[in-house]
Amino acid sequence: QLQASGGGLVQAGGSLRLSCAVSGFTSDDYAIAWFRQAPGKEREGLSCISHADSTTYYQDSVKGRFTISGDNAKNTVYLQMNSLKPGDTAVYYCAAIIGWISISEGWNLADWEIDYWGQGTLVTVSS
């Protein structure tokens, strides 16, 4: 199971930290990704972290502003979002890819099929 939380209302330039509580996986071979979907837009993949080796991926639009991290003791993956813009307003979802994942140069979240989705958490950035 994946349980996302931490969304809310924030002013432009502010920060939020989303959390994804992970449970029920019997193997350490998986990766957790964050996606978002704004009204009227397609869902987009933002970031991903390998549980096995903690390698990470960021979509270009969030590089330098968002940071993904994992706390294995708490079975939780975080998405720290800084310098938020009104264009970041969306429902944010965490998701899991099952299997051995090691992220390196050229790795793209869009090339991978998602095995599990969590429920979304709404982030609203006011101008």
I need the [X] [atom1] to [Y] [atom2] distance, nearest 0.5 Å.
X      : Y      : atom1 : atom2 : result
Ile103 : Thr56  : CD1   : OG1   : 6.5 Å
Leu84  : Ser126 : CG    : OG    : 10.0 Å
Arg17  : Phe66  : CZ    : CZ    : 15.0 Å
Gln11  : Ser127 : CD    : OG    : 9.0 Å

Check for a donor-acceptor pair, side chain of [X] on one end and backbone N or O of [Y] on the other, with a separation under 3.5 Å.
X      : Y      : answer
Ser47  : Tyr57  : yes
Thr124 : Leu9   : no
Gln1   : Ser23  : no
Tyr58  : Ile68  : yes
Ser50  : Ile101 : yes
Gln119 : Ala4   : yes

Contact summary for [X] and [Y], nearest pair of heavy atoms:
X      : Y      : result
Asn82  : Ser15  : OD1-OG, 2.9 Å
Gly7   : Val123 : CA-CG2, 4.0 Å
Gly120 : Val91  : CA-CG1, 3.6 Å
Cys48  : Trp107 : SG-CH2, 3.7 Å
Ile49  : Gly70  : CD1-N, 3.8 Å
Glu44  : Gln59  : OE1-NE2, 2.9 Å

Checklist line | Qualifying disulfide bond (SG atoms under 2.5 Å apart) pairs with a residue from residues 71-127, counting only residues at least two apart or across chains | finding: Cys20-Cys94
Check: Are Val125 and Leu122 in one and the same hydrophobic cluster, where Ile, Leu, Val, Met, Phe, Trp and Tyr link if side-chain heavy atoms are under 4.5 Å apart?
Finding: no
Notebook entry, point to check: Centres of the Phe25 and Tyr116 rings: under 6.0 Å?
Noted result: yes
Margin query: If we check side chain to side chain contact (heavy atoms under 4.5 Å, CB included) with Arg36, which of these qualifies: Leu79, Thr89, Asp88?
Written below: Asp88
Check: Are side-chain heavy atoms of Tyr92 and Leu46 found at a separation under 4.5 Å?
Finding: yes
Margin query: Between Leu2 and Ile32, is there a side-chain heavy-atom distance shorter than 4.5 Å?
Written below: yes
Notebook entry, point to check: Which is it for Leu109 and Ile97 under the side chain to side chain contact (heavy atoms under 4.5 Å, CB included) test, yes or no, and what are the steps along the way?
Noted result: CA-CA 10 Å; Leu109 180 57; Ile97 303 168; 3.8 Å; yes
Next item on the list: Applying side chain to side chain contact (heavy atoms under 4.5 Å, CB included), run through Val62 and Trp34 and close with a yes or a no.
Entry: CA-CA 11 Å; Val62 302; Trp34 285 97; over 6 Å; no
Next item on the list: Show the numbers, then the answer: is there a side chain to side chain contact (heavy atoms under 4.5 Å, CB included) between Arg65 and Met81?
Entry: CA-CA 6 Å; Arg65 297 193 300 127; Met81 306 187 295; over 6 Å; no
Next item on the list: Begin with the C-alpha distance, continue with both residues' side-chain angles, and end with the deciding distance and a verdict on side chain to side chain contact (heavy atoms under 4.5 Å, CB included) for Leu18 and Tyr93.
Entry: CA-CA 10 Å; Leu18 304 182; Tyr93 301 88; over 6 Å; no
